[in-house]
Amino acid sequence: MPLISLPDGSQRQFDQPVSVLAIAQDIGPGLARATLAAEVNGKLVDASYVVAEDASIAIVTPKDPKGLEVIRHSTAHLLAQAVKQLYPSAQVTIGPVIEDGFYYDFAFERAFTPEDLQAIEARMTELVEQDLVVSRRVMARDDAVAHFQAMGEEYKAKIIGDIPQGDEISLYGQGDFEDLCRGPHVPRTGVLGAFKLMKVAGAYWKGKSENEMLQRIYGTAWPDKKSLNAYLTRLAEAEKRDHRRIGQKLDLFSLQEEAGGGLVFWHPKGARIRRAIEDFWRDRHVAAGYELLYTPHIALQTLWDTSGHTDFYRESMYRPMEEDNQLYQLKPMNCPFHVLIYKNTLRSYRELPMRWAELGTVYRHEMSGALHGLMRVRGFTQDDAHVFCTEAQIEAEILEILDLTLDILGSFGFENYEIVLSTRPEKSVGSDEIWDKATGALRAALQNRGLSYGVDEGGGAFYGPKIDIKIEDAIGRSWQCSTVQLDFNLPERFGMEYVADDGSRRRPIMIHRALLGSLERFFGILVEHYEGRFPLWLAPVQAVVLNITDRQADYAVKIADSLRKQGFRMESDLRNEKIGYKIREHTIQRIPYLLVVGDKEMESGLVAVRTREGDDLGQMSVEALAQRLQSESASRGRN
RNA sequence: GCCCACGUAGCUCAGGGGUAGAGCACUUCCUUGGUAAGGAAGAGGUCAUCGGUUCAAAUCCGAUCGUGGGCUCCA
């Protein structure tokens, strides 16, 4: 006689055990049709699940995030069924739900082709039309192993072997296909349909590179066609913002095959933006009490032995080069160099904290397959800084760093952050006391500024806890750029000291921090964030003067020169082309202001101003325009 | 590093065992036109590199390099 409590607080009494579906039916036929699964006392179950006792129940429909997960998971099964029908020798492995969709890994003697994907997708659609009933059954563990082995599904058998003893082994069947699965699943294949197979890729069994390579098929699935199309549109939007594409069109940077992979060439326009970024970065750092350093690009390998990099980081370092019977190492990091400067003289507690920053270019031999536009490169410039301080100064220094970070990121239009505090991992150096104190200081600093943050327990580096800050871009993607890490290791390895007020020698705390991460990567993110429409203070060309006929050529040049002398980045386009053509071209180049000069402007001594958004601001004097540019530039796009 | 795909003019791409194609960009000429593409002509390519198969290779095969999507990695 189950008494069912619903989320709205209402209750329903049933004479005998009832299925979730029957309960939904009892509430309304519309709900029954939409029922995918249910949460019974907080546990996610199938629609066919029978409730025998009193319970609180929430029906899961496609509108529910959990419903969407069920749809994606069931679509993954649908994919597996279609693959097994078309390619019986393929073995199924795992098929989890991921962000925006799902994938399924198969062991198959060859790679799936795009044509295969089309065939599989078509078969999936047929299976949806057949509206197969999805049913669940439970099997004893040994029986299940034997069952899958008999079917030739070695991987499934292995997976069951890894399921803890005592756990229920459930199988889901639909038509001729049955798969090991925890569930839950949709009641019928007919409720699926808004899906698309996206791509094939290789993936290692269990994600380990020493294991065999499987064929992974990625797909996306949604409650309805409208959501699917919205998602596909979103993907197309993201592709339009691709920094590689925009970088090419706006002539910002390139990667050169003749130079090697992962090495960035900044073209004049990209370099202008970079300089604007760097100038701003330096000014803010000096204002925040940092000293700016320059250090070499190579150093004796023995330095990297001391720092421990040749032990921990060898595979990412370029091979050393030999000179004068000594090995020199291209630097993958700047830290040891800053440490050397620290150690150049005896330090007093009176000097601490010391804040040293450097735009330091480093080289890391990233795996060829990992390279990606500007986002993952082999030579890049870190906006690196190291703060050396006493234990007592940690919290105050972290506060300073957080303030500087949020100020700088905000200036680039990033106002939403996701902050994670990572604590001590199992393998680590340093005493319990220092870890507790340091982690507490990080936490206190975050709380002091009222910042909400997550905690990644055990996610810190072996040498100290850290705070990572992810920024959210214009289309909601998040990127990790900033990191603040405490380091108990390098000061130890290098024997760093300072003389305390009691005359004793103490070890300083070292804080590593980068705000932008790598200039190359941050630039790539900026390009995508602004879709190449850089705010005025960053725009490589802030305004271009366009003459209508040759008669105004001298006047156009005069206007451009005048503004250039006032510090604006100007161009003039005197080509013998129609004004419409020039406007189109420079609008596509995303130049913020187009200054049109014809006979009328020349006579009145004004310019006609048009923005890249297409707004006509009318005529104005050069002085008025300069003032406008000045204040817009100074605001950095903030109101 | 591993799996798959791709590499043709500055760019975007078509073609494909028998003398290399388009659009845009570029150059020259005509046009001097008021807010997103005026017209004509011309120039431009060892078809990524190296090797193999073939009477003949841009095309087929292999290796290398690079690019893309994943995996892995990312103190």
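Chain naming here is simple, since letters A, B, ... match the order of the sequence lines and numbering starts at 1 in each.
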- Touch check for A:F462, heavy atoms < 4.0 angstrom, all strands: base, sugar-phosphate only, or nothing? nothing
- Query: Mind checking the C1' distance from B:U19 to B:C29? Whole angstroms is fine.
  - Reply: 31 Å
- Can you tell which of B:G34, B:U35, B:U12 lies closest to the side chain of A:I583? B:U35
- Message: Give me the distance, rounded to whole Å, that separates B:C50 from B:C4 when you measure between the C1' atoms they each carry.
- Response: 23 Å
- If you take atom types as modelled and just measure distance, does the side chain of A:D550 reach the base of B:U32 with a donor-acceptor pair under 3.5 Å? yes
- Task: Specify the residues of residues 362-380 of chain A, ordered by number, for which at least one heavy atom lies under 4.0 angstrom from an atom of RNA chain B.
- Result: A:M367, A:S368, A:G369, A:A370, A:L371, A:H372, A:G373, A:R376
- Quick one: side chain to side chain donor-acceptor pair (under 3.5 Å) partners of A:K466, sequence neighbours excluded? A:D468
- Item | Parallel, tilted or perpendicular: ring planes of A:F106 versus A:Y104, cut at 30 and 60 degrees | parallel
Using a cut-off of under 3.5 Å, enumerate the N/O to N/O pairs linking the protein to nucleotides 45-49 of chain B.
none

- Map every base of RNA chain B to its dot-bracket character, where paired means a Watson-Crick or G-U wobble contact with both distances under 3.5 Å and | marks a partner outside the strand. (((((((..((((....[..)))).(((((.......))))).....(((((..]....))))))))))))....
- Query: Within the pair A:Q215 and B:G70, is there a side-chain N or O less than 4.0 Å away from OP1 or OP2?
  - Reply: no
- Heavy atoms under 4.0 Å, any strand shown: does A:E601 hit a base, just sugar-phosphate, or nothing? base
- Look at all strands and tell whether A:Q248 reaches a base, only sugar-phosphate, or nothing, counting heavy atoms closer than 4.0 Å. sugar-phosphate
- Out of B:G34, B:C71, B:A37, whichever nucleotide has its closest atom nearest the side chain of A:Y581: B:A37
- Message: Tell me if the CD atom of A:E212 is crowded by more than 12 foreign heavy atoms within 6.0 Å.
- Response: yes
- Could you list the residues that satisfy side chain to side chain donor-acceptor pair (under 3.5 Å) with A:Q589, not counting sequence neighbours? none
- Against the side chain of A:I579, the closest entry in B:U35, B:C3, B:C71 is B:U35
Polar atom pairs between nucleotides 40-43 of chain B and protein, under 3.5 Å, N or O only, would you list them?
none

- Sugar-phosphate, base or nothing in reach of A:R314, heavy atoms under 4.0 Å: nothing
- When you compare B:U64 with B:U28, how far apart are their C1' atoms, in angstrom units rounded to a whole number? 43 Å
- Message: Over all strands shown, is A:G261 touching base, sugar-phosphate only, or nothing at heavy-atom distances under 4.0 angstrom?
- Response: sugar-phosphate
- Message: With a cut-off of less than 4.0 Å, is there a side-chain N or O of A:K199 near OP1 or OP2 of B:G70?
- Response: yes
- Rounded to the nearest 0.5 angstrom, the CD-CZ distance for A:E239 and A:R244 is 9.0 Å
- Task: Would you mind classifying the nucleic acid contact of A:F112 as base, sugar-phosphate or nothing, using non-hydrogen atoms under 4.0 angstrom?
- Result: nothing
- Step by step, would you call A:K331 with A:E358 a salt bridge (Lys or Arg N to Asp or Glu O under 4.0 Å)? CA-CA 14 Å; A:K331 72 171 166 183; A:E358 176 181 13; 3.7 Å; yes
- Task: For B:A20 and B:G45, measure between their C1' atoms and round to the nearest Å.
- Result: 8 Å
- Query: So, is A:R551 near the phosphate of B:U32, with a side-chain N or O under 4.0 Å from OP1 or OP2?
  - Reply: no
- Message: My understanding is that only residues two or more places apart in sequence, or in another chain, count here; which of them pass ring-ring contact (aromatic ring centres under 6.0 Å, His included) with A:F253?
- Response: none
- Residue set satisfying ring-ring contact (aromatic ring centres under 6.0 Å, His included) with A:H529, at least two apart, ordered chain then number -> A:F414
- Can you find a donor-acceptor N/O pair under 3.5 angstrom joining the side chain of A:Y204 to the base of B:G70? no
- So which pairs with a foot in residues 572-610 of chain A pass ring pair (Phe, Tyr, Trp, His ring centres under 6.0 Å), sequence neighbours left out? none
- Item | With sequence neighbours excluded, residues passing side chain to side chain donor-acceptor pair (under 3.5 Å) with A:Y530 | none
- Message: So A:G262, base contact, sugar-phosphate only, or nothing? Heavy-atom distance under 4.0 Å.
- Response: sugar-phosphate
- Could you name each residue pair satisfying salt bridge (Lys or Arg N to Asp or Glu O under 4.0 Å) that touches residues 583-592 of chain A, not counting sequence neighbours? A:R575-A:E585
- Does A:T423 have any side chain to side chain donor-acceptor pair (under 3.5 Å) partners at least two apart in sequence or in another chain, and if so, which? A:E457
